[in-house]
Amino acid sequence: MSLFERVSAMEEYEPWSREQSPNGRQRKMSFNPVGSWVPEAAQEEPVGAFEVPKTKRIFQVFFAVIYCLLAAGIVFGYAAIKPVLIKEEVYRGYCTKEELEEGVRVCFEQEIRLNFMFTVAAVSTNVVALPVGTVLDRYGPRVCGIVGSLFVAIGCLFFAFAWQLPFDGYIPGYLFLALGGPFIFISSFQLSNTFPQYSGLILALLTGAFDTSSAIFLFYRLIYTASGGTFWPEKFFLAYLVVPVFILVVQLFVMPSNSYKTVGELVTQAEEDTSFDDHASDSQINNPAEVQRLREARRVHRESIVSEITELLGSADANEQTKNEEKKKNVSGVWGALHGRTATEQIKSPWFILITLFTVIQMTRINYFVATIRPQYEYLLGSYQSAVEINNFFDFALPFGGVISVPFIGLILDNTSTPFCLGVLVAIATTIGVLGVIPQTWAAYANVCLFVVYRPLYYTTVSDYAAKVFGFATFGKVYGLIICLAGLFNFSQSALDAMTHKLFNNNPIPVNVILLGLALLVGVTLVGFVWKKSNTIHRENIEEEAEGARETLMPGAALNGVNGYGATDSH
């Protein structure tokens, strides 16, 4: 689930923070994690949505949802395509002679290499968020989308001809498919500003498309099975090349080259356009009638722009949206905790360290489960057929569970406090961990159902936490670093696979118990810390309000010779 989905299109054009930034400048959220490393002159200027025909903007949103559905997160359908790769005997050549003679379904080295392919993809999906932000801020969404389409095309070609290449083409093929996803998905977020009044709906559609894209490999596996294995990977990935070609064509002829202006930027433009109709150059014109004509033309143009912005936003100052955002801030309990601090100060704080540890552990658990669900339940249930049924159910539930949960996630995050949301995460994660070691069919299905709901909730809550605690000015750097570190630690999944197969004789319970214990320890610590800090922030806000109230004179308090503090004036 995407990494920035909970950051509202309604940016901070009147930001509040507990500790204002030293320069006092108003900042919008940037997807660029390296911030000032990108020269200002090189950055693309945003465009107002009112400058683009409504029909074209509708098509832009429609096409973005379609190509996100087809390409944004297909690598997370690994559990669905893995059985196909096993049947095609991918990496079977790494099995020992003894394993082949025994007729093992999947040998140790084959399992390790297949899972490593997914691990590399999962890691790269998170790490690539860093350069994606830079490319998007510097060159705009069109270039970003084109790069993504090229990566997907390269991945398809590697995978299609992997069996003919003199080197391992499967890992780089899956890697490029993974790299293309963030370039395509993240560059689509700015389309929520095409219709600011419906920005939440647009983001929900894009997020739902990302979640559902994991079903692409499920549909392929169903076709592969129905065809008796004749529609093998080469045919599928060559046919799938139509997707990156479609994305390329749409980027070139339909999508905007520059990002759309956010609500804050539009409001600022409206305020500036209402400021004046006179230009300094008017003094250089000797003809008063010509000056009056120019000023009238500017007034008409200004009123036209303000009218279009008002129609786009619903109101020129977006009062309703501003009130909604203020309500969300107050409910969260942690808004502004580290706003105004430098990225370095934020990264050194317990706020960052704890959420990073939590993210590292949870992301490792999530990807480990996705990669090993079939062998885990084959051991737990003692039946290969039962494991296949659980795997099939998971393949269907993963994309649709994410789609169904999106609107409920929004309601939870907008109407409950951040400590409560984190507590829910820890409770669900613990329940999943307990269900994951119970060797019963009912526990397996319950585990899958909770997992497919937990996964999008987890990703969304972490990005929501980062925006509320660290602020938009450093969001790219801080959140990007959290996801990057969590991604890099996912390489530990290979060690977990080796422990399961070699040390514990294919028994997944010890590894799951270890991960459960670590997650519970870090989770409880995180929730306790955030809850305590939330109470402190709430108390400080009350004290600040009380202080401000004492300093404000009540109307009429100075009447009858008595001043606002109860003292009698002497004169």
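In this chain, numbering begins with 1 at the start of the sequence shown. All of these numbers come straight from a predicted model, not from anything done at the bench.
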Task: Test of ring centre spacing under 6.0 Å for F451 and F394 - done: yes
Open item on the list: Could you report the tightest heavy-atom contact between C156 and L241, atom names first, then the distance?
Closed with: CB-CD2, 3.6 Å
Task: More than 12 heavy atoms of other groups within 6.0 Å of F59 CZ - done: no
- [ ] To the nearest 0.5 angstrom, please state how far the CE atom of M255 sits from the NZ atom of K56.
- [x] 10.0 Å
Task: Output field: ring centroids Y224/F236 closer than 6.0 Å - done: no
Open item on the list: Are the side chains of K82 and R374 in contact, using a 4.5 Å heavy-atom criterion?
Closed with: no
- [ ] Can you see which heavy atom on F185 is nearest to which on L206, and at what distance?
- [x] CE1-O, 3.5 Å
TODO: Classify the side-chain pair N115/Y78 by whether it contains a donor and acceptor separated by less than 3.5 Å.
DONE: yes
Task: Minimum-distance pair of heavy atoms, taken over all atoms of A486 and V360 - done: CA-CG2, 3.7 Å
Open item on the list: Using 30° and 60° as the class boundaries, would you call the ring planes of Y454 and Y458 parallel, tilted or perpendicular?
Closed with: parallel
Open item on the list: More than 12 heavy atoms of other residues, nucleotides or ligands under 6.0 Å from CZ of F489: yes or no?
Closed with: no
Open item on the list: Between L398 and R455, is there a side-chain heavy-atom distance shorter than 4.5 Å?
Closed with: yes
- [ ] Decide side chain to side chain donor-acceptor pair (under 3.5 Å) for Y379 and T372; before the verdict, give the C-alpha distance in whole Å, the side-chain angles of both, and the deciding distance to 0.1 Å.
- [x] CA-CA 11 Å; Y379 182 93; T372 63; over 6 Å; no
TODO: Examine distances only and state if a side-chain atom of N415 and a backbone atom of L411 form a donor-acceptor pair shorter than 3.5 Å.
DONE: yes
Open item on the list: For F253, I'd like to know if atom CZ has over 12 heavy atoms of other residues, nucleotides or ligands within 6.0 Å.
Closed with: no
Open item on the list: For the CG atom of L485 and the CG atom of N490, what is their distance to the nearest 0.5 Å?
Closed with: 11.5 Å
Task: Sub-4.5 Å side-chain heavy-atom contact between F63 and I247 - done: no
TODO: Using a 4.5 Å cut-off on heavy atoms from C-beta on, say whether the side chain of W163 contacts that of W232.
DONE: yes
- [ ] Report the distance from atom CZ of F116 to atom CG of D168, rounding to the nearest 0.5 Å.
- [x] 10.0 Å
- [ ] Please indicate whether F491 has more than 12 foreign heavy atoms, meaning atoms of other residues, nucleotides or ligands, lying under 6.0 Å from its CZ.
- [x] yes
Task: Any donor-acceptor pair under 3.5 Å from S187 side chain to I184 backbone - done: yes
Open item on the list: Between C144 and F183, is the side chain to side chain contact (heavy atoms under 4.5 Å, CB included) condition met? List the steps.
Closed with: CA-CA 6 Å; C144 209; F183 276 95; 3.6 Å; yes
Open item on the list: Set out, in order, the CA-CA distance, both residues' side-chain angles and the distance that settles side chain to side chain contact (heavy atoms under 4.5 Å, CB included) for I86 and Y91, then state yes or no.
Closed with: CA-CA 8 Å; I86 292 173; Y91 296 131; over 6 Å; no
- [ ] Mind checking the CD1-CD spacing from I112 to Q493? Nearest 0.5 Å is all I need.
- [x] 9.0 Å
TODO: Measure the shortest side-chain to side-chain distance between F76 and F217 over non-hydrogen atoms and say whether it is less than 4.5 angstrom.
DONE: no
TODO: Please tell me if the side chains of V152 and Y240 come closer than 4.5 Å, counting only heavy atoms from C-beta onward.
DONE: yes
Task: N126, T119, V120, T125 screened by side-chain contact (heavy atoms from CB on, under 4.5 Å) with V123, the one that passes - done: T119
- [ ] Evaluate the side chain to side chain contact (heavy atoms under 4.5 Å, CB included) criterion for residues M363 and Y459: first the C-alpha distance (whole Å), next the side-chain angles of each, then the deciding distance (0.1 Å), finally the verdict.
- [x] CA-CA 9 Å; M363 191 177 291; Y459 281 113; 3.8 Å; yes
Open item on the list: Quick one about S386 and E389 (side-chain donor to acceptor, distance below 3.5 Å, no hydrogens or angles considered), yes or no?
Closed with: no
- [ ] Identify the heavy atoms of A121 and A178 that sit nearest to each other, and give their distance.
- [x] O-CB, 3.5 Å
TODO: Kindly compute the distance separating CG (L518) from CG (L357), expressed to the nearest 0.5 Å.
DONE: 10.0 Å
Task: Residues, nucleotides or ligands: over 12 heavy atoms within 6.0 Å of F504 CZ - done: yes
Open item on the list: Would you compute the distance between atom OG1 of T225 and atom OH of Y220 and round it to the nearest 0.5 angstrom?
Closed with: 9.0 Å
Task: Salt bridge flag under 4.0 Å for residues E99 and R92 - done: no
Open item on the list: Consider ring-ring contact (aromatic ring centres under 6.0 Å, His included). Of F176, F161, F159, F231, which one does F237 pass it with?
Closed with: F159
TODO: Please step through side chain to side chain contact (heavy atoms under 4.5 Å, CB included) for the pair I412 and V424, ending with a clear verdict.
DONE: CA-CA 10 Å; I412 292 172; V424 170; 5.8 Å; no
Task: Nearest non-hydrogen partners of P83 and N391, listed with the distance - done: CG-OD1, 4.4 Å
- [ ] Would you check if there is a donor-acceptor pair between the side chains of Q376 and N512 at a distance under 3.5 Å?
- [x] yes
Task: Minimum heavy-atom distance A519-R365, with the two atoms named - done: CB-NH1, 3.6 Å
TODO: Tell me yes or no: between the side chains of S213 and Y67, is some donor less than 3.5 Å from an acceptor?
DONE: no
Task: F108 six-ring centre to K502 NZ/CZ under 6.0 Å and within 45° of normal - done: yes
TODO: Answer yes or no: is there a side-chain heavy-atom contact under 4.5 Å between I438 and L380?
DONE: no
Open item on the list: Does any part of the side chain of Y377, heavy atoms only, come nearer than 4.5 Å to the side chain of P508, both counted from C-beta?
Closed with: no
Open item on the list: Please report whether the ring centroid of Y174 lies less than 6.0 Å from that of Y170.
Closed with: no
Open item on the list: Looking at T194, is its backbone amide N or carbonyl O close enough to the side chain of R57 to form a donor-acceptor pair, meaning the two atoms are under 3.5 Å apart?
Closed with: yes
